[in-house]
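Keep in mind that this is a model prediction, so the values were computed, not measured.
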Amino acid sequence: MCGRFSLISSEELIKRIFRLNRAPVQPRFNIAPTQDAAVVRIAVNNSERELAQLRWGLIPPWSKDASIGARMINAKSETVFEKPSFRKAARSRRCLIPADGFYEWRKSGAKQAHYIYLKDKQPFAMAGLWEKWQSPDGAEIQSCTVLTTDANDLVKPIHPRMPVILPIDQHDAWLDPQMQRQEILKQMLRPYAPDQMALHQVGSLVNNARNESPDCIEPIEVKKQKMDQDLLF
């Protein structure tokens with residue numbers, strides 16, 4: 001699954017990778033469910049790419065209240081085109097969710113957080129869906145979810161699932177609402193190459209969604225070295 005992630009790249013880099021005219025994003029080290037997340041999608045009015053801030057946790061249009069979104073932060077790629085909660089969005093409201101890395105927790109023994117990212121430390125696109133929901137009082141909430149797939153060999157020892165990471169050459173097809181060929185779309189929803197990724201253990205700071213600092217992604221080894229130096233001096 002994907003329950004936390006970061007987006008700390010510069011606006012210029014995000015604009016270049018995702019082909020955006022503007023990308024007004026604040027660095028985030030610990031994006032959590034029900035918080036706003038940056039999403040790249042096709043704008044309805046001009047068919048160009050835009051970056052929007054959507055609530056993380058998809059709220060289906062038929063839902064009676066918004067609380068269901070907290071349980072819809074991920075969608076299984078294997079069933080996303082059939083599940084009532086996601087199938088309409090999978091047809092025409094696909095999006096890219098930019099990230100620099102995501103967190104996963106090893107559950108065997110003591111719970112240990114890991115930060116997982118690309119070896120070249122470039123931002124990447126998680127495959128996503130977005131949806132519009134209207135409350136009984138008429139207020140609209142736009143929300144999103146991250147698609148997941150089987151974990152690759154790097155992530156598998158930590159967790160059996162991982163977010164779908166789309167290579168740049170697949171961004172156009174995934175975003176295109178006119179692309180309706182499920183056999184092509186489903187081929188994109190596969191584990192990312194493990195030899196292109198890396199990970200390291202991080203401390204418990206990330207466990208609390210209120211914590212938002214570079215310390216969240218700092219390797220445990222670096223933290224220990226700093227503590228040892230503080231004790232010496």
Original post:
In terms of hydrophobic clusters joined by side-chain contacts under 4.5 Å, are Phe81 and Trp62 together?
Top reply: yes
Side chain proximity check, [X] to [Y], heavy atoms < 4.5 angstrom:
X	Y	value
Leu51	Phe18	no
Ile165	Met197	yes
Glu131	Pro60	no
Val164	Met126	no
Phe29	Ser213	no
Tyr192	Pro167	yes
Met72	Ile59	no

**OP:** Go through the steps to decide whether Leu185 and Arg181 satisfy the test side-chain contact (heavy atoms from CB on, under 4.5 Å), and finish with yes or no.
**Re:** CA-CA 6 Å; Leu185 295 169; Arg181 296 179 60 183; over 6 Å; no
Original post:
Can you list the steps and then say if Asn152 with Met162 is a side-chain contact (heavy atoms from CB on, under 4.5 Å)?
Top reply: CA-CA 8 Å; Asn152 61 24; Met162 66 178 291; 3.7 Å; yes
Nearest atoms (heavy-atom pairs only) where [X] meets [Y]:
X	Y	result
Ser143	Gly57	CB-O, 3.3 Å
Gln53	Pro24	NE2-O, 4.4 Å
Ala37	Trp56	CB-CB, 4.5 Å
Ala90	Leu129	CA-CD2, 3.7 Å
Thr148	Cys2	CG2-N, 4.2 Å
Phe5	Pro98	CE1-O, 3.7 Å

Subject >> Plane angle bin for Tyr115 and His200 - parallel if under 30°, tilted between 30 and 60°, otherwise perpendicular >> reply: tilted
Subject >> Parallel, tilted or perpendicular: ring planes of Phe124 versus Phe102, cut at 30 and 60 degrees >> reply: perpendicular
Enclosure of [X] [atom1] (heavy-atom neighbours >12, cutoff 6.0 Å):
X	atom1	value
Lys76	NZ	no
Arg190	CZ	no
Lys88	NZ	no

**OP:** Apply side-chain contact (heavy atoms from CB on, under 4.5 Å) to the pair Gln122 and Arg16, showing each step before the final yes or no.
**Re:** CA-CA 11 Å; Gln122 294 290 294; Arg16 179 166 60 82; 4.2 Å; yes
Pairwise distance [atom1]([X]) to [atom2]([Y]) - rounded to 0.5 angstrom:
X	Y	atom1	atom2	result
Ser10	Leu13	OG	CG	5.0 Å
Leu175	Arg41	CG	CZ	11.0 Å
Ile97	Leu7	CD1	CG	11.0 Å
Glu50	Asn21	CD	CG	11.0 Å
Ile116	Leu154	CD1	CG	6.5 Å
Asn30	Asn211	CG	CG	7.0 Å

Taking [X] for its side chain and [Y] for its backbone only, find out whether a donor-acceptor pair lies under 3.5 Å.
X	Y	answer
Gln180	Pro177	yes
Arg4	Val206	yes
Arg94	Arg91	yes
Arg49	Val40	no
Trp130	Cys95	no
Thr79	Lys83	no
Thr145	Ile73	yes

Original post:
For Asp100 and Arg28, what are the C-alpha separation, side-chain angles and deciding distance, and is it a salt bridge (charged side-chain N to carboxylate O under 4.0 Å, His left out)?
Top reply: CA-CA 10 Å; Asp100 294 294; Arg28 295 289 310 280; over 6 Å; no
Original post:
Using 4.0 Å as the upper bound for N to carboxylate O, is an ion pair formed by Asp150 and Arg161?
Top reply: yes
Original post:
When you check the gap from the basic side-chain N to the acidic O, do Glu82 and Arg87 get nearer than 4.0 Å?
Top reply: no
**OP:** Decide yes or no on side-chain contact (heavy atoms from CB on, under 4.5 Å) for Ile68 and Trp133, but give the supporting numbers first.
**Re:** CA-CA 11 Å; Ile68 192 174; Trp133 176 82; over 6 Å; no
Subject >> Identified side-chain contact (heavy atoms from CB on, under 4.5 Å) counterpart of Tyr103 within the set Val202, Ile158, Asn207, Ile31 >> reply: Val202
